[in-house]
Amino acid sequence: MDYQFKDIEQKWQQFWADNQTFKAEDKSTKPKYYVLDMFPYPSGVGLHVGHPLGYIASDIFARYKRLKGFNVLHPMGYDSFGLPAEQYAIQTGQHPAVTTEANIATYRRQLDQIGFSFDWSREVRTSSPGYYKWTQWIFMQLFNSWYNKSADKAESITKLVAHFEKNGSVGVDAVCDEEVAAFTAGEWKAKTPTEQQEELLKYRLTYLRESTVNWCPALGTVLANDEVKDGFSERGGYPVEQKKMMQWSMRITAYADRLLQGLDTIDWPEPLKEMQRNWIGKSIGASVKFPIENQELRVRSQEFIEVFTTRVDTIFGVTFFVIAPEHELVGELTTPEQKGEIEAYIAQTKKKSELDRMADAKTVSGAFTGSYVLNPLTNEKVPVYIADYVLAGYGTGAVMAVPSGDQRDYLFAKHFGLPIVPIMDIQNIETEADPTKEGRYINSDFMNGLTYKEGTAAVIAKLEEIGVGKAKINFRMRDAIFGRQRYWGEPVPVYFKEGLPHLISESDLPLLLPEVDKYLPTESGEPPLGRAEGWSYKSQESGVQSQEGAGYAYELSTMPGWAGSSWYWYRYMDAHNDKEFASKQAIEYWKDVDLYIGGSEHATGHLLYSRFWNKFLKDIGLVIVEEPFKKLINQGMIQGRSSIMYRLQKSIFTLAGYIPDENPIYFSVGLINKYLKKENKKEFYNLLKTIDPIFPGIEVAEANHVPEFGYFNGIHVDVNIVDNDELDINKFRKSRAEYENAILILEDGSISSPTGGGREGAYICGVEVEKMSKSKFNVVNPDDLIARYGADTLRMYEMFLGPLEQSKPWNTNGIEGVFKFLRKFWRLFHNDAWEFSVSGAEPTKAELKSLHKIIRKVEEDIERFSFNTSVSSFMIAVNELTDLKCNNRQVLQDLVITLSSYAPHICEELWVMLGNKAGTLSYASYPKYNPAYLVEDEFAYPVSINGKTKMNLNIPLSLEQKEVEEFVLANADVQKYLDGKPPKKVIVVKGRIVNMVV
RNA sequence: GCUCGGGUGGUGGAACUGGUAGACACGCAGGACUUAAAAUCCUGUGCCCGUCAAAGGCGUGCGGGUUCGAUUCCCGCCCCGAGUACCA
């Protein structure tokens, strides 16, 4: 029988499901290997052809590792809480759980069709109570922990309380809020429980605090920094504003340094690591206190303004001081004379949006407050300005300005006529600032003559000595906002008593998402959970008293999208455990993810939060590893490849007073380029005239106009009716009413008219690469391709497209080649009458050579994630074996195993036809490569003269360098090139090349 | 601006540590089979100059360098993509 991919693929997908072929063992003598794909969000539109790219690669890898004798964990599940389902719910009133369920069903059907070897028995969904119970539980662990800097790890809050009871706040080195109080043990004990809780909240790793947040009014929720791009929400693109709100946050900043250092220990793509480094944004520098000059002000507010600087060595070059317009001291520092100016400036900056402010980066603006601070080392008066180039959110919101070394300060100084003092002997500051660290200091008092290294050390020592500064490390990363004012997320397991948050009892987990009448905020502006009736905390547990029987109010925010995905890889290890988030044994066996494949868009979101939670879980002894994802690969983005048709503008006919709305005219792409040239102008108008008879009324103005681009409108046409850029004209006419009577000017200049008259050529579409989306008619659906060519072809073609990491436009041209390959492969096992036929003879030398070449190649390729080159090599192997007329059972059986991770269905079928037991292929042994079969006794040496190859000579490989040289020189053709003269030099690389210099 | 990728035929791409550039596939051209088309099979296919051919020249973004030999290493520049951006 010919290759019947449909029957074969259905049959084996069913078999794998029925027999749970890919169920991973929790106990095994085999070494473990954990292959994970990034958690998909099941969106309503289903998969397009770009989505499975990474899944196919990881599946090939997983299948390969099974053949190599590993116990492979390769799970899949759904990150099923999220905004889109909720937006849809708001529009339609359908419960997000219902639409999510339907979307998951679509996803599952599409995934199953591709033949992945997932262990579906471990499927998880973040929105199922059995899962989010543990997300809530981890939240509780975070709430009950604080970060002890001396131990450099998270510890239980009870340990902190014990310390307070014994020693007060002395000796506590914690990552905590800025305004923590200092107290003695006695003072601590004297506090009321509420006061104590209030204080402890400042230490907890997840905490409630009034903070400035990204508020997105259109979505009705706050967003984390990584969910905001250029002042707009990443999902939906709605404007985002800054707002002060009481919010749950995660103290990720406690882990900033460990998150940074950990990057050096993991095998991730460099750009991804770089993105995380930038996001964390560690700066090493110093903080310096500048005393406020006005004595009176010092009494009323504080005595100093503190700055953070990475160039404390330039402190003698400070000629002015700038604070952010939002800085808390602006009001106090502004003198009556300057009040008008300052207020005008603040009003002006407030009007500017975040975006304007960024776009405006080059224009210098600011205003003088009228006040001064004192340089702590010179006691010189330094004027204080406000300017929006200083950000309130970074450092202390104040900078010491050194115009000689910093370009922004330089421009500011020029603009306001402030002095610019050089502090390095080799500094050149004529036209711009010079931030050099070379040379020796000048104008710098005790630092004069020192180098950068010496100077920095000296100035920090001096500042510390007089108590106005110290070395300091600053991070750009902020604590992550953890609450969302939305419905479709995990409820926060917290209730409020006397205005303070308390955890619900662990035995009351999961705290179920309540039903609401609408998925919108309440009339009073509370999140949607505020609509849930009778939703309050009344615990049977002894510790929690209910309040006059009514119960305590729950937290109404839900958790953000990244909560559920920050630990999910552990759940796969033990997906059905209802006692723990995963058992100790499971975690000890599976440890970490060996290979993680996914997109780079998660660089500063999921991948950072996951590392953070993992480190925390390790600190409290629940997991073993410091880093959860040992090796990570980014698959490239698959872009859309749009097909464009070129419609002739109506205007060319309006010139002649006629508008042919009924019969739009489209030009093939080659003609556009042709007719844009002046010399083809006549031909263009003549061509239009030949269309003329169809519309008796038309008169084409043979104007003086040379055709230009504006004459043609580019129109997107559905790529599914275009094959190799050629339009399927019949399908095109049927696709839409407006196309039915279109006139197509074909590539060769002939015309396809609606009446079907006189066509010869083809209509060729133009091409544009852009995002794959419905509106561009360039979405290619894997279902269609599978129906036409089968999953094995799709899998191999997606890999054949190019290196996994590279982004590229999807192009279905060429999929035929892969399909033909599989058919050719199938034919190796069959005779001319398509009957299964293999021979039991001893394999020939040539057959073994082909086989062992591919065995080695595929092994090497998979280990370095070069899947595209394997596909080519398979083609070469099958071509060779076809030429050898090979139908040798032994050879073909090994080939089946080798190919089975790429094209599993066809291989399973052939495996059984070869007489093996169904279902055993997945756990067969990858054939062992034997180099002996590849040994050659001759090699066709390329013989080159001055590096240019002239000919090839077959020379036995047994010959040594000297002998090869003699062999070559003895050759008559070689002598012809040498013109009888001896070469200056002969280079012989054994088994590679012969090169002669003349 | 900074950081990280990447520039190879008509197209996707290959070339392991410096050693025959363009494997494999698509497309295209020609041929076979067919009444015809599709499918299939065979042959050719980097560019230029040659009547076919032989022979030659040029070729991995551009300009240099190292080397017997460079897509690969070094220096300078150009272009494309991604990320990031007043971060003190």
Side-chain angles (χ1 to χ4, degrees), chain A residues 229-230 269-275 277-279 281-283 285 307-312 314 322 324 357-358 360-364 387-391 393-402 405-409 411-412 435 474-477 600-601 603-604 634 636-637 639 641 724-726 767 769 797 800-803 805-818 820-821 823 857 860-861 864 866 868-879 940-952 983-989 991-998:
Chain A
K229 288 250 172 330
D230 301 327
E270 201 47 50
L272 198 76
K273 290 198 206 178
E274 200 60 28
M275 269 189 250
R277 284 192 195 106
N278 289 338
W279 189 261
K282 181 178 185 176
S283 318
V307 296
F308 173 75
T309 174
T310 52
R311 287 296 302 273
V312 67
T314 63
V322 191
R357 214 164 136 166
M358 286 195 293
D360 242 24
K362 296 216 164 58
T363 44
V364 178
D388 62 6
Y389 81 85
V390 174
L391 306 175
Y394 185 76
T396 58
V399 301
M400 55 175 231
V402 185
D406 182 286
Q407 185 59 19
R408 292 156 316 179
D409 296 347
L411 292 173
F412 196 88
N474 201 39
F475 291 95
R476 191 179 84 108
M477 185 167 67
S600 59
E601 67 271 20
T604 50
N634 283 136
M637 245 226 312
Q639 294 142 303
R641 188 173 185 278
N724 275 329
D725 299 336
E726 184 184 338
V767 168
V769 172
Y797 184 61
F800 189 56
L801 228 44
E805 293 97 324
Q806 239 167 62
S807 287
K808 58 227 148 193
W810 176 265
N811 189 345
T812 311
N813 301 355
I815 194 168
E816 296 268 353
V818 174
K820 278 196 242 172
F821 154 76
R823 206 161 160 249
K857 177 73 171 147
E860 281 173 2
D861 284 351
R864 65 192 171 103
S866 173
N868 55 323
T869 49
S870 291
V871 179
S872 302
S873 304
F874 279 124
M875 290 175 172
I876 293 169
V878 167
N879 287 346
Y941 278 88
V943 178
S944 51
I945 294 184
N946 293 337
K948 293 272 174 207
T949 309
K950 296 294 177 189
M951 68 182 96
N952 285 313
K984 254 192 221 150
K985 192 173 175 186
V986 181
I987 294 106
V988 177
V989 182
R992 284 228 186 259
I993 200 168
V994 178
N995 188 22
M996 280 171 289
V997 188
V998 294

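Lettering follows sequence order; numbering is per chain, from 1.
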Nearest heavy atoms of Y394(A) and S283(A), plus distance in Å: OH-OG, 3.1 Å
Side chain of Y941(A), backbone of R992(A): donor and acceptor closer than 3.5 Å? no
Rounded to whole Å, OH of Y389(A) lies from P of rC86(B) at a distance of 14 Å
How far does CH2 of W279(A) sit from CE of M477(A), to the nearest 0.5 angstrom? 10.0 Å
Could you tell me which nucleotide pairs with rC73(B) by Watson-Crick or G-U wobble geometry, both distances under 3.5 Å, or answer none if nothing does? rG65(B)
Please tell me which of the listed nucleotides, rA15(B), rG19(B), rU40(B), lies nearest to the side chain of V989(A)? rG19(B)
Heavy atoms only, 4.0 Å cut-off, all strands: where does I876(A) land among base, sugar-phosphate and nothing? sugar-phosphate
When rounded to whole Å, the CD1 to C1' distance for the pair I815(A) and rG27(B) reads 16 Å
What is the distance, rounded to the nearest whole Å, between atom CG of D861(A) and atom C1' of rA15(B)? 12 Å
Would you please confirm or rule out a distance under 4.0 Å between OP1 or OP2 of rC26(B) and any side-chain N or O of K820(A)? yes
Watson-Crick or G-U wobble partner for rG27(B), using a 3.5 Å limit on both distances? rU45(B)
Nearest whole angstrom, please: distance from the P of rC16(B) to the CZ of R864(A). 8 Å
Counting only Watson-Crick or G-U wobble pairs whose two distances fall under 3.5 Å, which nucleotide matches rG81(B)? rC4(B)
Please verify the inter-ring angle class for F821(A) with F874(A); under 30° counts as parallel, over 60° as perpendicular, anything in between as tilted. tilted
Touch class at under 4.0 angstrom, heavy-atom based, for N995(A) against every strand present: base
Taking 4.0 angstrom as the limit, do E270(A) and R277(A) come out as a salt bridge? yes
With nearest nucleotides of RNA chain B determined for S866(A) and F308(A) from heavy-atom distances, which residue corresponds to the more 5′ nucleotide? S866(A)
Quick one: M400(A) CE to rA88(B) P, roughly how many Å, whole number? 12 Å
Please tell me which of V871(A) and E860(A) maps to the more 5' nucleotide of RNA chain B, matching each residue to the nucleotide holding its nearest heavy atom. E860(A)
Using a 4.0 Å heavy-atom cut-off across all strands, classify V997(A) as base, sugar-phosphate, or nothing. sugar-phosphate
Proximal nucleotide (of rU40(B), rA25(B), rA88(B)) relative to the R823(A) side chain: rU40(B)
Once you round it to whole Å, what is the distance between C1' of rA85(B) and CZ of R408(A)? 11 Å
Measure from CG on D388(A) to P on rC87(B) and round the result to the nearest Å. 13 Å
Could you tell me whether K857(A) and E860(A) make a salt bridge, using a distance below 4.0 angstrom between a side-chain N and a carboxylate O? no
Can you tell me if S283(A) touches the phosphate of rA88(B), counting only side-chain N or O atoms and a distance under 4.0 Å to OP1 or OP2? yes
Nearest-0.5 Å distance, CE of residue M875(A) to NZ of residue K820(A): 10.0 Å
Within the 4.0 Å limit for protein heavy atoms, which parts of nucleotides 3-13 of chain B are touched? Write it as a string from 5' to 3', B for base, S for sugar-phosphate only, - for none. SS-------BS
Shortest non-hydrogen contact from A603(A) toward M275(A): CB-SD, 3.7 Å
Checking base pairs now: Watson-Crick or wobble, both atom distances under 3.5 Å. What partners rU34(B)? none
If you check the Y394(A) side chain, which of rC87(B), rA14(B), rG19(B) turns out closest? rC87(B)
Identify the residue among V994(A), I993(A), V997(A) that makes a side-chain contact (heavy atoms from CB on, under 4.5 Å) with I987(A). V997(A)
Nucleotide of rC24(B), rA88(B), rU17(B) approaching T310(A) most closely (side-chain heavy atoms): rA88(B)
At under 4.0 Å between heavy atoms, what does D409(A) touch on the DNA or RNA strands: base, sugar-phosphate, or nothing? nothing
Counting only Watson-Crick or G-U wobble pairs whose two distances fall under 3.5 Å, which nucleotide matches rG18(B)? none
To the nearest Å, how far apart are R992(A) CZ and rA15(B) C1'? 11 Å
Looking only at rC86(B), rA85(B), rG83(B), the nucleotide nearest the R476(A) side chain is rA85(B)
Nearest to the side chain of T869(A), heavy atoms from C-beta on, is which of rA14(B), rA25(B), rC86(B)? rA14(B)
